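First up is the structure itself, then whatever we jot down about it.
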Amino acid sequence: MMKKPYDRLVPYNNLPELPPTKEILDTELLLKWGIASRILAELNKNLLRIPNPDLLINTISLREAQDSTEIENIFTTQDDLYKAVSESVQEDNLNASTKEVLRYREALWGGFTTLVSNQQLDQETIVSVFQKIKNTTQSYRTPQSQVVIRRGESELRPGEIVYTPPRGEGIIEAKIINLLEFMNTENGLDPLLKMAVAHYQFEAIHPFIDGNGRTGRILNLLYLVDQKLLSHPVLYLSKYIIQHKEDYYYLLSGVTQRNDWKSWLMYMMTAIESTARHTNQIIDDILLQMEATFEYAKKSLKWYSHELNQTLFSQPYIKQKTVGQITGAKSRTTLTKYMSQLVKLGILSVKEDGREVFFVNDDLIRILES
Ligand SMILES: Nc1ncnc2c1ncn2[C@@H]1O[C@H](COP(=O)(O)OP(=O)(O)OP(=O)(O)O)[C@@H](O)[C@H]1O
Ligand SMILES: [Mg+2]
């Protein structure tokens, strides 16, 4: 009997289990994989150079969150975001997109914590990442939910259906179990390639009502950590994917419709190579700037310390209170003097927002936005 042709309007309950039965490796792909692995290994090594990784990683993950939620580069939005991470703003006063970015970042860190304590990627990790992103207590979508993926969707028209994910009692659970087994079992395929295969599979299963793209992109990073390719979930993978979204959608469909694993995997290896390079650049730039700022500040300010320097590079917006805690300034007058010295030297600039005053590290912003 002939295999029925793929129909994008029918739930794809025949989505094949992993691993792919077809031989997916060829020379061209292996060469590409080699380059991607090498650059990623450089990034992982580069992370060791960061003196206080948690602080700096905080800054870097902010960018990832921002790109993945596709918040545009409007300054006011950025501004809101930076203020929000300086942790002095009431949640209610944040706009919707800022909240969304912050939730994405929390989901990334929450997932990282769950992964570290569970010691492998499991259903709990996947569901908890989704729940944080969407701020919900829901889990997998129900068998009757009518979820489809549309292309070119806009406020004016719904767009054409490009894919209908599997649907039915127990089917999502079964496919997720197979996916996790593939991810967690050694099977001769390199983890970097497995990440890419798994990302396709996760998106094809489309286990949630919404947020599958974002959840899947977080899982990519967590998997790299799980497989010890990265010590921390920092890699601007989302930026590349969002910038090449048309290809991304097209190539995902290519696996479904033509079993074209090769083009998909080539794309993902390129994405990893390009983003690991970019992340390395950002780390280099931040470290260079930190050093320069320290040397410069130390010349005029006896009280300037490495710890303060690190804190000034942990987030773009800093509150006076934070500087007070680190320097241990004895009085308000001293602290005010410290702040005005930092401003006078051009290390920070002042930004007033109603009654709130922020001190901004413009060098850090410039690097983060490069
Ligand atoms: N043909 C396809 N087959 C499988 N998955 C697809 C296909 N086209 C797109 N996708 C995936 O569906 C995701 C969108 O699904 P969903 O709206 O649930 O996620 P999101 O996180 O809300 O959105 P986004 O990824 O745009 O931020 C895309 O990011 C992509 O990963
Ligand atoms: Mg969506």
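The model shown is predicted, which means the values in this text are computed figures rather than measured ones. Atoms within each ligand, like the ligands themselves, are counted from 1 in listed order. Numbers here simply count residues along the sequence, with the first being 1.
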Any heavy atom of [X] closer to ligand 1 than 4.0 angstrom?
X	result
L252	yes
G216	no
R8	no

| Results of side-chain hydrogen bond (donor to acceptor under 3.5 Å, both in side chains) for D363 - residues two or more places apart only | Q289, R366
| Is the gap between the ring centers of Y267 and Y240 under 6.0 Å? | yes
| task | Look at the rings of Y6 and Y12 and say which category their plane angle falls in: under 30° parallel, 30 to 60° tilted, over 60° perpendicular. | result | perpendicular
May I ask you to check whether [X] has an N/O atom sitting below 3.5 Å from an N/O atom of ligand 1?
X	result
Y163	no
G213	yes
R217	yes
I209	no
T256	no
R214	yes

| query | Under 6.0 Å from the NZ atom of K45, do we count more than 12 heavy atoms belonging to anything else shown? | reply | no
Once you restrict to heavy atoms under 4.0 Å, what part of [X] touches ligand 1? Side chain, backbone, both or neither.
X	answer
R151	neither
I149	side chain
K245	side chain

Less than 3.5 Å apart, any donor N or O on the side chain of [X] or [Y] sitting next to an acceptor on the other?
X	Y	result
D260	S263	yes
R49	N46	yes
T311	S314	no
T113	W109	no

| task | Please step through salt bridge (charged side-chain N to carboxylate O under 4.0 Å, His left out) for the pair E356 and K319, ending with a clear verdict. | result | CA-CA 9 Å; E356 292 239 58; K319 296 291 291 179; 2.6 Å; yes
| Heavy-atom nearest neighbour of atom 9 (C) of ligand 1 within options Y104, Y249, Y248, Y12 | Y249
| query | Hey, which N, O or S atom on D210 ends up closest to the Mg ion (ligand 2)? | reply | OD1
